Amino acid sequence: MQARGPLMIEHRLIESMIAVIQRKLERAAQTQSIDPCFVDAAVDFIRVYADRTHHGKEEDILFRELRKKSMSADHQRIMDELIEEHVFGRQTTKALVEANTRYRKGDASALAEVTAGLRTLVGFYPKHIKKEDVMFFPAALAYFTENEDQAMLAEFWELDRKMIHEKYRAVAKGFNTG
Ligand SMILES: [Fe+2]
Ligand SMILES: [Fe+2]
């Protein structure tokens, strides 16, 4: 498997979660309400899977290795855009968490912010994923030898191996300090 294999497989799961969020948004528009626990689950997916596990592979491994190459100005620009988009995703999720906290406490007016945040994520991810799958990953692949590509793939598996422990250490810590 090429290193981009797991990244593209992860994209498919992110897309399926985005489809779930989309359906919940349609329902929220009808009922003028949303289950805050669903928003928690969506945020957990975005933060732990899409951001930490998936963007972690991109930023901490793939992009780090690409920085060692002399990339074309065009490819450098796309990589900078992707990094900015990851930051945008984090900011959107942070605002979503804050709005969901207010909504859960009974502030009905926060519903609009919760749904706006979810809608932003629904709009953002498919475009970001397409840019990577169609444009950036094929371009990036050309900078690496087969050995370099396989070394990144091995690092991806190692990141995955650590992730479940990181996730549940954070859960236990949250209860211990909460
Ligand atoms: Fe990305
Ligand atoms: Fe990605």
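For the single chain, residues carry numbers from 1 onward in sequence order. Start at 1 and go down the list; that is how both ligands and their atoms are numbered. Because the structure is predicted, anything quoted here is derived from the model rather than measured.
- Checked for salt-bridge contact, Glu98 and Arg102 miss the test: no charged N lies under 4.0 Å from a carboxylate O.
- As for His86, its N/O/S atom nearest the Fe ion (ligand 1) is the one called NE2.
- Ion pairing between a basic and an acidic side chain is recognised when a charged N comes within 4.0 Å of a carboxylate O; Lys130 and Asp133 show no such pairing.
- Under the 30°/60° scheme for interplanar angles, the aromatic rings of His11 and Phe137 are found to lie parallel.
- Annotation: side chain to side chain donor-acceptor pair (under 3.5 Å) contacts of Ser109 (sequence neighbours excluded): Asp107.
- Residues passing the side chain to side chain donor-acceptor pair (under 3.5 Å) test with Ser16: none are found, sequence neighbours excluded.
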Return a table of donor-acceptor pairs under 3.5 angstrom between the side chains of residues 121-128 and protein atoms on other chains or two or more places apart.
{"residue": "His128", "atom": "ND1", "partner": "Glu85", "partner atom": "OE1", "Å": "2.5"}
{"residue": "His128", "atom": "NE2", "partner": "His86", "partner atom": "NE2", "Å": "3.0"}
{"residue": "His128", "atom": "NE2", "partner": "Glu132", "partner atom": "OE2", "Å": "2.9"}

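- Taking distances strictly below 2.8 Å, the protein N/O/S atoms close to the Fe ion (ligand 2) are His11 NE2, His54 NE2, Glu58 OE2, Glu132 OE1.
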